[in-house]
Participant: 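What follows is a single structure, and I will ask about it in a moment.
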Amino acid sequence: MTILDKIINNKRQEVLLKKSIIPISQLENSVLFDNTTISLSNNLRTSTSGIIAEHKRRSPSKGEINYNLNIKEVVKGYQNAGASGISILTDGTYFGGSLDDLLLARALVKLPLLRKEFIIDEYQVIESKAFGADVILLIASILTQKEIKNLSELAQSLALEVLLEIHDEAELNKSLLPSLNMIGVNNRNLKTFEVDLEISTKLASKIPSDFVKVSESGIESIASIKNLQKFDYQGFLIGENFMKSTHFDTNVKEFISKLSL
C-alpha cells in the first residue's frame, strides 16, 4: 500500500465521521456560504508572477517543513508580497493542516483561497464553501471521470472554481470537462514522490487553451518559472520553498518581485 492509498483510506474514514457530526444543512447555514467568490483563474491570467503561495507545515515526503510560522504571518506575508492566490492545506494527519487554517486565512486576506485537500466526496465540496474557500483541488489520480464530473459540477453550482491536478496524459484525457477552470500539472509523482519539472513541459501542449495552466511542486527558482512561462503556464504553486525560508517575509517578497521585472 502506497502513502497515497493510506491517505485516501484515512480520508474516507474522516469524511464518514464528519458527516455523522456536522450535517450538510449546518454547513449550508455558514456565514461564509454566500460569500462572493474571488477568482483565482482571473488573477492568474492578469498576474505578472502567477504565484499561488502555499501554507504547508509538513508533508509525507519531506517530514516537518515549518511549525514556527503561524497562519497569520504566512498568509499576510503572501498577500503583502504580491501572491496571486494562497493554497491552504487542510489535511491534518499527513500535512499538519486544518479547516481552522482556512477559516483564519479567509478572515485575514482578500486573495483567492485554494483548499488543498484530498477531495473524494461531495460533502467536502460543500464544506470547502462553508469554510471560505474560493477554489477546490481535485486530483485526477484518485478520482474516476464520473467523480470528477460530479464534484466539479457541484463546485461550479456553488460558485467555487476548480483546479484539476494531473500527472500524465491519461489523467488529462479523462479530465477535460467544461466544469473545470484550471489544469494543474503536478511535477511530483504521488505514488513515488519523485519530482521532475519536465512533466509540466511535456504535457503543456496537450492542455487546451480554455484552461489556465498551473505547474505544481518542485519549483524553486525564478529560472524554472521563466522557462515554464514559455510553455504558457500562468500559475505556479510553491509551498515548501517559501515555508522553509529562514527570512520568510523578505525572501517571499524578493522572489515574487523578481518575477515582475
Participant: For residues 222-233, please give each side-chain donor-acceptor pair under 3.5 Å, one per line with the distance, not counting sequence neighbours.
Facilitator:
residue: Ser224; atom: OG; partner: Ser221; partner atom: OG; Å: 2.8
residue: Tyr233; atom: OH; partner: Ser200; partner atom: O; Å: 2.6

Participant: Return each pair, listed once, that meets ring-ring contact (aromatic ring centres under 6.0 Å, His included) where at least one residue sits in residues 11-68; pairs must be two or more places apart or across chains.
Facilitator: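 Qualifying pairs, neighbours excluded: none.
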Participant: Could you tell me the separation between the CG atom of Asn187 and the OG atom of Ser215, rounded to the nearest 0.5 Å?
Facilitator: 4.0 Å
Participant: List the atom of Gly85, the atom of Leu40, and the distance in Å for their closest heavy-atom pair.
Facilitator: CA-CD1, 3.9 Å
Participant: Check whether any side-chain N or O of Lys76 sits under 3.5 Å from a backbone N or O of Val109 as a donor-acceptor pair, and report yes or no.
Facilitator: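 Such a contact is absent between Lys76 side chain and Val109 backbone.
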Participant: Quick check: is Ile24 connected to Ile120 through a chain of hydrophobic side chains (ILVMFWY, heavy atoms under 4.5 Å apart)?
Facilitator: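 The answer is yes; both residues are in one hydrophobic cluster.
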Participant: When hydrophobic residues are tied together by side-chain contacts of less than 4.5 Å, even through go-betweens, does Val195 share a cluster with Ile65?
Facilitator: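 No; tracing contacts between hydrophobic side chains, which count when under 4.5 Å, never links both residues.
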Participant: In Å and rounded to the nearest 0.5 Å, what is the CD to CG distance from Glu171 to Asn186?
Facilitator: 9.0 Å
Participant: Between the side chains of Glu153 and Ser179, is a donor N or O closer than 3.5 angstrom to an acceptor N or O?
Facilitator: no
Participant: So Asn66 and Lys244, do their side chains get closer than 4.5 Å, heavy atoms only?
Facilitator: no
Participant: Do the non-hydrogen side-chain atoms of Arg45 and Val212 ever get within less than 4.5 Å of each other?
Facilitator: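 Arg45 reaches Val212 side chain to side chain.
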Participant: If you group Ile, Leu, Val, Met, Phe, Trp and Tyr by side-chain heavy-atom gaps below 4.5 Å, do Ile38 and Leu32 land in one group?
Facilitator: no
Participant: Got a donor-acceptor contact below 3.5 angstrom from the Arg57 side chain to the Gly96 backbone?
Facilitator: yes
Participant: Side chains of Ser245 and Asn251: is there a donor and an acceptor less than 3.5 Å apart?
Facilitator: yes
Participant: Which residues pass the salt bridge (charged side-chain N to carboxylate O under 4.0 Å, His left out) test with Arg188, not counting sequence neighbours?
Facilitator: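 For Arg188, no residue satisfies salt bridge (charged side-chain N to carboxylate O under 4.0 Å, His left out) once neighbours in sequence are set aside.
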Participant: What are the two closest non-hydrogen atoms of Ile166 and Ser175, and how far apart are they?
Facilitator: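 For Ile166 versus Ser175, the nearest heavy atoms are CG2-OG, 4.4 Å.
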Participant: Quick one: does Glu117's side chain have a donor or acceptor within less than 3.5 Å of a partner on Leu137's backbone?
Facilitator: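 Flag not set: sc Glu117 to bb Leu137 has no pair under 3.5 Å.
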Participant: Within the structure provided, determine whether Lys56 and Phe95 are in side-chain contact (heavy-atom separation under 4.5 Å).
Facilitator: yes
Participant: Any chance you could measure Asn43, atom CG, to Leu111, atom CG, to the nearest 0.5 Å?
Facilitator: 7.0 Å
Participant: After noting the C-alpha distance and the side-chain angles of Leu4 and Ser141, does the key distance pass the side-chain contact (heavy atoms from CB on, under 4.5 Å) rule?
Facilitator: CA-CA 10 Å; Leu4 183 59; Ser141 65; 4.1 Å; yes
Participant: What is the minimum heavy-atom distance between Val162 and Ala155, and which atoms define it?
Facilitator: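 So the two residues come closest at CG2-CB, 3.6 Å.
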Participant: Following the transitive rule for hydrophobic clusters with a side-chain heavy-atom cut-off under 4.5 Å over Ile, Leu, Val, Met, Phe, Trp and Tyr, establish whether Ile51 and Leu69 coincide in one cluster.
Facilitator: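 Yes; Leu69 is reachable from Ile51 via cluster members.
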Participant: Could you tell me whether the side chain of Met182 reaches within less than 4.5 Å of the side chain of Leu164, counting heavy atoms only?
Facilitator: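 Leu164 does not reach Met182 side chain to side chain.
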Participant: Side chains of Val135 and Leu113: does their closest heavy-atom pair fall under 4.5 Å?
Facilitator: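 Contact flag for Val135/Leu113 side chains = no.
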Participant: Where do Thr48 and Leu259 land on the side-chain contact (heavy atoms from CB on, under 4.5 Å) test, with the steps shown first?
Facilitator: CA-CA 7 Å; Thr48 52; Leu259 282 171; over 6 Å; no
Participant: Any chance you could lay out the side-chain contact (heavy atoms from CB on, under 4.5 Å) test for Leu114 and Ile88, step after step, and finish with the verdict?
Facilitator: CA-CA 6 Å; Leu114 163 68; Ile88 305 290; over 6 Å; no
Participant: Taking it one step at a time, do Thr144 and Glu147 satisfy side-chain contact (heavy atoms from CB on, under 4.5 Å)?
Facilitator: CA-CA 5 Å; Thr144 65; Glu147 287 170 332; 3.2 Å; yes
Participant: I need the full list of ring-ring contact (aromatic ring centres under 6.0 Å, His included) pairs touching residues 236-261, with sequence neighbours left out, sorted by first then second residue.
Facilitator: Tyr78-Phe242, Tyr78-Phe248, Phe242-Phe255
Participant: Calculate, to the nearest 0.5 Å, the distance between atoms OG1 and CG belonging to Thr90 and Asp101 respectively.
Facilitator: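 With rounding to 0.5 Å, OG1 (Thr90) is 8.5 Å from CG (Asp101).
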Participant: Which atom names give the shortest non-hydrogen contact between Ser152 and Leu180, and what distance separates them?
Facilitator: CB-CD2, 3.8 Å
Participant: Between the side chain of Ser87 and the main-chain N/O of Glu54, is any donor-acceptor distance below 3.5 Å?
Facilitator: no
Participant: Look up atom CD1 in Ile136 and atom CG in Leu158, then write down how far apart they are to the nearest 0.5 Å.
Facilitator: 9.0 Å
Participant: Check Lys11, Lys19, Arg12 against Asp121 for a salt bridge (Lys or Arg N to Asp or Glu O under 4.0 Å) and give me the one that passes.
Facilitator: Lys19
Participant: Are the side chains of Val214 and Leu163 in contact, using a 4.5 Å heavy-atom criterion?
Facilitator: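 Answer yes - side chains close enough.
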Participant: Is there a continuous path of hydrophobic side-chain contacts, each under 4.5 Å between heavy atoms, that joins Ile22 to Ile119?
Facilitator: yes
Participant: Taking atom types as modelled, find out whether Glu198 and Thr201 have a side-chain donor-acceptor pair closer than 3.5 angstrom.
Facilitator: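 Distance-only check passes for Glu198 and Thr201.
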Participant: Give me each pair satisfying side-chain hydrogen bond (donor to acceptor under 3.5 Å, both in side chains) with a member in residues 122-136, each pair once, sequence neighbours excluded.
Facilitator: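 side-chain hydrogen bond (donor to acceptor under 3.5 Å, both in side chains) check on residues 122-136 returns Lys18-Glu127, Arg106-Asp134, Arg115-Glu127, Arg115-Ser128.
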Participant: Regarding Asn189 and Glu194, is there a side-chain donor-to-acceptor distance under 3.5 Å anywhere?
Facilitator: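 Checked: Asn189/Glu194 side chains show no N/O donor-acceptor pair below 3.5 Å.
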Participant: Between atom CD1 of Ile3 and atom CD1 of Ile7, what is the distance when rounded to the nearest 0.5 Å?
Facilitator: 6.5 Å
Participant: Mark yes or no for whether Glu169, through its side chain, and Leu203, through its backbone, hold a donor-acceptor pair below 3.5 Å.
Facilitator: no
Participant: Which pairs pass ring-ring contact (aromatic ring centres under 6.0 Å, His included) with one or both residues in residues 168-190, sequence neighbours excluded?
Facilitator: none
Participant: Looking only at atom types and distance, does a side-chain atom of Ser47 sit under 3.5 Å from a main-chain N or O of Leu44, one as donor and one as acceptor?
Facilitator: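 Such a contact is absent between Ser47 side chain and Leu44 backbone.
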Participant: Which pair of non-hydrogen atoms, one from Asn42 and one from Ser39, has the smallest distance, and what is that distance?
Facilitator: N-OG, 3.0 Å
Participant: For Gln156 and Asn181, which I'm curious about, is there any donor-acceptor pair between the side chains at under 3.5 Å?
Facilitator: yes
Participant: With heavy-atom distances below 4.5 Å as the criterion, would you say the side chains of Leu237 and Ile219 are in contact?
Facilitator: no
Participant: Under 4.0 Å between a side-chain nitrogen and a carboxylate oxygen: does that hold for Lys116 and Asp91?
Facilitator: no
Participant: Taking the side chain as everything from C-beta on, heavy atoms only, tell me whether Val74 gets closer than 4.5 Å to Asn70.
Facilitator: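 In short, these two side chains do not touch, never coming nearer than 4.5 Å.
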Participant: Which pair of heavy atoms, one from Lys72 and one from Leu108, lies closest together, and at what distance?
Facilitator: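 That closest heavy-atom pairing would be CA-CD1, 3.7 Å.
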